[in-house]
A.B. asks: 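Quick one: structure below, then a few questions.
By convention here, the first residue in the shown sequence is residue 1.
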Amino acid sequence: MENSVSQPSVNANRLFYGSCFALITTAFSFSIAAGILDQLKTDLALSGEQAGLIASMWFFGFPVSMIIGGLIYHKVGGKIIMQFAFFAHAIGILMVIFSGSYMGLLIANLLIGLGNGCTEAACNPMIADAYQGTKMSKMLNRFHMWFPGGIVIGSLISNFLTNMEIGWQTQLGIIIIPTLIYAFLFFGQKWPKAKVQEAATITGNLKAMVTPLFLFIAMCMTLTAISEFGPNQWVGLILSKSGAQPMLILALTAGLMAIARYFGGDMVKKFDQVGVLLGSAVLATLGIYLFSTQTGAMSYVAAIFFALGIAYFWPNMIGFVADKIPKSGALGMSIIGAIGMFMNGLIQPIIGGWVDSDREAAAATGLTGDELILVSGQNTLEKLTLFPGILIILFTILWFWMKNRKKTAVATA
């Protein structure tokens, strides 16, 4: 049957639910931390630079632990990695609440970031090993739906508690709830073994990762990550002067992403991963272009296209590696994810530079006030259409590549 599990003694569903709550913890740490940053800055008398450095620790810890987790996954097992994730999450959350110092907050956010990266490093290969065929793609998409889904839930909780004048310490304490739930679900469970023997060895992983296909996908991952996270970080600020509500746009985007990922398995079953990725690139390009040209109610239409475009990027890039390059193993999936997160951190200051230069150029034409912010911001978004636009070409090449590969495999069978 399609939903068969690689080892009968493995409770794949319980492990999957534990993974979902672990990813909700990641999403909460992202959304609630962002929601309380202003309160934190005021209460602890932090400068903007200090607050920004605290936030950056989340992104620094994530790819580091993803890579290390991928390297040791088949040596120590996903269970050990998730035990570390639990302690990193729990200690990090408690330190943020009780440290009350700048250095303590830096260390705390680093720990939370390490815990988040461990979640990706352990749970992606576990799902890939526990489920077979299209069921694997379905479960990977449903696992990753909980990042945007958790962001929506976390943002609503943070906004509600902030309006109720509830302190940031209490808000952060909420993150411990999904942390304790995933610890309970993982407790005492046996994890699946690698489907492919070479995937359990670093030598086998590295051999698979120096192939043209893996290197091509790694290049694509840099562009999918930029297409997803680049506009997401700036679209709220840019569209705040367009007549649309930035928080509604962000909530609409995250909510649609979660719904789309729930049905991701059906999409992959019908169009394969490459077909889904190609369609996603087209929709993402259209969505970002509409953001760069439309205002008011049409901004919400742009958000719909954008959300449906970027929803399938992350889970299906990882799913492609698991399905089409299985010998790369847990390390391959972790490296691909780390590349995406690293590029997200690398591109943000570049986009910020574009925002500044476009604002100067617009000001030179005589624009001022809200019109200046909107026009210059939309010029920046127009530049960002380049990334998913290139992906349309690359995924078209990949589609023919995989089609010829399948023909070759049939001919030699």
A.B. asks: Taking the six-membered ring of F184 (Phe, Tyr or Trp), confirm whether the NZ or CZ of R14 is under 6.0 Å from its centre and within 45° of its axis.
C.D. replies: yes
A.B. asks: Take Y312 and L277 through the test side-chain contact (heavy atoms from CB on, under 4.5 Å) and record every step on the way to the result.
C.D. replies: CA-CA 7 Å; Y312 295 127; L277 289 169; 5.5 Å; no
A.B. asks: Any idea which heavy atoms bring A363 and L372 closest together, and the distance?
C.D. replies: N-CD1, 3.4 Å
A.B. asks: If you measure only the distance, is there a donor-acceptor pair under 3.5 Å linking the side chains of Q273 and S137?
C.D. replies: yes
A.B. asks: Under the rule for ring pair (Phe, Tyr, Trp, His ring centres under 6.0 Å), what residues qualify as partners of F306, not counting sequence neighbours?
C.D. replies: F291
A.B. asks: Could you please spell out the steps behind the side-chain contact (heavy atoms from CB on, under 4.5 Å) verdict for Q294 and V301?
C.D. replies: CA-CA 9 Å; Q294 304 300 311; V301 176; over 6 Å; no
A.B. asks: Start with the C-alpha gap between F84 and L114, add the side-chain angles, then the distance that decides, and say whether side-chain contact (heavy atoms from CB on, under 4.5 Å) holds.
C.D. replies: CA-CA 9 Å; F84 176 81; L114 290 172; 4.3 Å; yes
A.B. asks: Could you tell me how the ring of F30 sits relative to the ring of F147: parallel (under 30°), tilted (30 to 60°) or perpendicular (over 60°)?
C.D. replies: tilted
A.B. asks: Between atom CE of M341 and atom CE of M221, what is the distance when rounded to the nearest 0.5 Å?
C.D. replies: 8.5 Å
A.B. asks: Could you check whether Y131 and N13, counting side-chain N and O atoms only, form a donor-acceptor pair closer than 3.5 Å?
C.D. replies: yes
A.B. asks: Taking only residues two or more places apart in sequence or in another chain, which ones pass salt bridge (Lys or Arg N to Asp or Glu O under 4.0 Å) with K383?
C.D. replies: D358
A.B. asks: Distance check, rounded to the nearest 0.5 Å: M145 atom CE versus C20 atom SG?
C.D. replies: 8.0 Å
A.B. asks: Could you tell me which residues satisfy side-chain hydrogen bond (donor to acceptor under 3.5 Å, both in side chains) with H144, sequence neighbours excluded, listed by chain and number?
C.D. replies: N124
A.B. asks: Would you call W354 and L384 a side-chain contact if the rule is heavy atoms closer than 4.5 Å?
C.D. replies: yes
A.B. asks: Kindly indicate, with the supporting measurements, whether the criterion side-chain contact (heavy atoms from CB on, under 4.5 Å) is fulfilled by D323 and M136.
C.D. replies: CA-CA 9 Å; D323 189 36; M136 178 201 66; 3.8 Å; yes
A.B. asks: May I ask you to check whether over 12 heavy atoms, not counting those of F387, lie within 6.0 Å of atom CZ?
C.D. replies: yes
A.B. asks: Is it the case that atom CZ in F21 sees more than 12 heavy atoms from other parts of the structure closer than 6.0 Å?
C.D. replies: no
A.B. asks: Is it the case that the side chain of Q189 and the backbone of V10 share a donor-acceptor pair, with hydrogens and angles ignored and the cut-off at 3.5 Å?
C.D. replies: no
A.B. asks: By the definition side-chain contact (heavy atoms from CB on, under 4.5 Å), identify the one residue from V375, T368, L374 that meets it with E371.
C.D. replies: V375
A.B. asks: Hey, are D272 and K324 close enough for a salt bridge, meaning a charged N less than 4.0 Å from a carboxylate O?
C.D. replies: yes
A.B. asks: Which pairs count as side chain to side chain donor-acceptor pair (under 3.5 Å) when at least one residue sits in residues 390-401, sequence neighbours excluded?
C.D. replies: none
A.B. asks: Do the side-chain N and O atoms of H74 and N205 include a donor-acceptor pair separated by under 3.5 angstrom?
C.D. replies: no
A.B. asks: Measuring from I175:CD1 to I93:CD1, what's the distance to the nearest 0.5 Å?
C.D. replies: 5.0 Å
A.B. asks: Ring centres of W191 and F186 under 6.0 Å apart?
C.D. replies: yes
A.B. asks: Is there a side-chain contact between H89 and T119 in this structure, where contact means two heavy atoms from C-beta onward sitting under 4.5 Å apart?
C.D. replies: yes
A.B. asks: Shortest non-hydrogen contact from L223 to S227?
C.D. replies: O-OG, 2.7 Å
A.B. asks: Measure across P315 and L140 and return the closest heavy-atom pair with its distance rounded to 0.1 Å.
C.D. replies: CB-O, 4.0 Å
A.B. asks: Just jot down the side-chain hydrogen bond (donor to acceptor under 3.5 Å, both in side chains) partners of N316, sequence neighbours excluded, or say none.
C.D. replies: N141
A.B. asks: Please name the pair of heavy atoms, one in G389 and one in T285, separated by the smallest distance, quoted to 0.1 Å.
C.D. replies: N-OG1, 3.3 Å
A.B. asks: Is any side-chain heavy atom of M257 less than 4.5 Å from a side-chain heavy atom of T253?
C.D. replies: yes
A.B. asks: In this structure, are over 12 heavy atoms from other groups packed under 6.0 Å from F214 atom CZ?
C.D. replies: yes
A.B. asks: With a sphere of 6.0 Å drawn around CZ of F60, does it hold more than 12 non-hydrogen atoms of other residues, nucleotides or ligands?
C.D. replies: no
A.B. asks: Give the minimum heavy-atom separation between F143 and S19, together with the two atoms involved.
C.D. replies: CE1-O, 3.2 Å
A.B. asks: If I take atom SG from residue C123 and atom OH from residue Y182, how far apart are they, to the nearest 0.5 angstrom?
C.D. replies: 8.5 Å
A.B. asks: If we ignore hydrogens and angles and just use 3.5 Å, is the side chain of S155 paired with the main-chain N or O of V152 as donor and acceptor?
C.D. replies: no
A.B. asks: To the nearest 0.5 Å, tell me how far C118 SG sits from F87 CZ.
C.D. replies: 12.5 Å
A.B. asks: With a 4.5 Å heavy-atom cut-off, do M95 and I107 have their side chains touching?
C.D. replies: yes
A.B. asks: Would you find more than 12 non-hydrogen atoms of other residues, nucleotides or ligands less than 6.0 Å from W314 atom CH2?
C.D. replies: yes
A.B. asks: Do L398 and L213 have side chains that approach each other closer than 4.5 Å (heavy atoms only, starting at C-beta)?
C.D. replies: yes
A.B. asks: Let me check something: any side-chain donor-acceptor pairs from residues 328-337 under 3.5 Å, sequence neighbours excluded? List them with distances.
C.D. replies:
unit_1, atom_1, unit_2, atom_2, d
S328, OG, I325, O, 2.7
S334, OG, M66, O, 3.2
S334, OG, A330, O, 3.1

A.B. asks: So how far is it from N109 CG to M57 CE, rounded to the nearest 0.5 Å?
C.D. replies: 8.5 Å
A.B. asks: Hey, does F263 have a side-chain heavy atom less than 4.5 Å from the side chain of I259?
C.D. replies: yes
A.B. asks: Going by atom types only, do S292 and N379 share a side-chain donor-acceptor pair under 3.5 Å?
C.D. replies: no
A.B. asks: Flag the pair M402 / F320 as yes when at least one side-chain heavy-atom distance between them is below 4.5 Å, and no otherwise.
C.D. replies: yes
A.B. asks: Of all heavy-atom pairs between L15 and M126, which one has the smallest distance, and what is that distance?
C.D. replies: O-CE, 3.6 Å
A.B. asks: Just one of I304, I288, L308 clears the side-chain contact (heavy atoms from CB on, under 4.5 Å) bar with L283, so which one?
C.D. replies: L308
A.B. asks: Do I373 and R359 come within less than 4.5 Å of each other through their side chains, counting heavy atoms only?
C.D. replies: yes
